[in-house]
Amino acid sequence: MFEDIEILHLDAPITTMFALAIVNLGLLVWLKNGFPREWRLAGWALLDVRRIWQRSADEAPRTGGVIIAHLQGVIALATISYACLNNILQGFALGAIIVFVRLFTVQALSRFTKLRLLIKESTDIDRHLRTWMAASVSVIAIFLSLRTQWHSDVGCSLLLSTWIFWSSFRVWRVFQTSIKRLSRYSFAFVYLCGLEILPTGFIILLVINSFW
């Protein structure tokens, strides 16, 4: 009489989160081997941002590498959303909206000559660090998907902390670039708050209020 009842094991792997992490790590391998220029720029954004400022025109990334980097960020947010809310759609929606707004901002503000180079470099840094954020989230997600007790206890907090760390590091890199291009701390603070922190915070609150 119990033949049709599915048996659920408390220690069963979380297949959806595992699959998302594997896909993102696969994209990381593709980025490293298929788009070495984008991979090199990602390394500079992490370890030596001055090389981003000094790069030549022939070091510009290819379109395919840019798309992969954006996709990695979207999947990483979907992974966090699934781990914390058991829902992938909020993460995909938030990631897609952030990418869309950032691309729109670049197009709109690039008309100002004084900000053009700064906006381009800030956007590149954001994209490159998103690659490392996605890699970190994916490695943690694989561990949590295989150790479900850890996922239940600290999984959401650990993934959110990882996202906060990389977001904070990105803000620091953008601030360094702002000082370099605007030459004054006051202008750098205004740029960072007005064009980076506040819009991103508004988008996050908008999506949270819409879906949650």
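Keep in mind that this is a model prediction, so the values were computed, not measured. Side chains included, hydrogens not; waters and symmetry mates left out as well; all remaining heavy atoms used.
T131 contributes atom OG1, which lies 10.5 Å from atom CG of L41 (distance to the nearest 0.5 angstrom). Note that OG1 of T123 is 10.0 Å distant from NE2 of H128, once rounded to the nearest 0.5 Å. Separation of atoms CZ (R127) and CZ (R170) is listed at 12.5 Å; rounding is to 0.5 Å. Expressed to the nearest 0.5 Å, how far CG of L159 lies from CD1 of I164 amounts to 11.0 Å.
Minimum heavy-atom separation, A134 to S138: O-OG, 2.7 Å. Of all non-hydrogen atoms in M17 and T79, the two that sit nearest each other are CG-CG2, 3.9 Å. The two residues T177 and E121 have their closest heavy-atom pair at CG2-OE1, 3.3 Å. Residues E38 and A69 approach most closely at OE2-CB, 3.9 Å, considering heavy atoms. The minimum heavy-atom distance between L129 and A45, with the atom names listed, is CD2-O, 3.9 Å.
If you run side-chain contact (heavy atoms from CB on, under 4.5 Å) between L144 and each of L146, I142, I140, only I140 comes through. Under the ring-ring contact (aromatic ring centres under 6.0 Å, His included) test applied with W132, the options W39, W44, F169 reduce to a single match, W39.
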For this session: Please report the C-alpha distance between L27 and N24 in whole Å, then the side-chain angles of each, then the deciding distance to 0.1 Å, and finally whether the side chain to side chain contact (heavy atoms under 4.5 Å, CB included) criterion is met.
Result: CA-CA 5 Å; L27 290 175; N24 231 348; 3.9 Å; yes
Exercise. So S178 and V174, side chain to side chain contact (heavy atoms under 4.5 Å, CB included) or not? Walk me through it.
Worked result: CA-CA 6 Å; S178 303; V174 171; 4.0 Å; yes
Problem set entry | Derivation of the side chain to side chain contact (heavy atoms under 4.5 Å, CB included) call for H70 and R130 | CA-CA 8 Å; H70 285 310; R130 193 180 297 122; 2.9 Å; yes
For this session: Go through V137 and I80 one step at a time and tell me if the side chain to side chain contact (heavy atoms under 4.5 Å, CB included) criterion holds.
Result: CA-CA 8 Å; V137 166; I80 295 173; 4.1 Å; yes
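Side chain of R173 to backbone of L46: a donor-acceptor contact under 3.5 angstrom is found. In this structure, the side chain of W163 does not engage the main chain of M133 through any donor-acceptor pair within 3.5 Å.
L28 has its side chain out of reach of K32: every pair of non-hydrogen atoms, C-beta onward, lies at least 4.5 Å apart. Looking only at side-chain heavy atoms (C-beta outward), I125 and Q176 stay at 4.5 Å or farther from each other.
At a threshold of 4.5 Å between side-chain heavy atoms, the hydrophobic network of Ile, Leu, Val, Met, Phe, Trp and Tyr places V66 and V29 in two separate groups. Connection of I67 to L25 is not established within any shared hydrophobic cluster, with ILVMFWY side chains joined at heavy-atom distances below 4.5 Å, either directly or through further cluster members.
S157 meets the side-chain contact (heavy atoms from CB on, under 4.5 Å) test with no other residue; sequence neighbours excluded. Taking the ring-ring contact (aromatic ring centres under 6.0 Å, His included) definition, one finds that F165 meets it with nothing, sequence neighbours left out. Considering only residues two or more places apart in sequence or on other chains, S136 meets the side-chain hydrogen bond (donor to acceptor under 3.5 Å, both in side chains) condition with W166.
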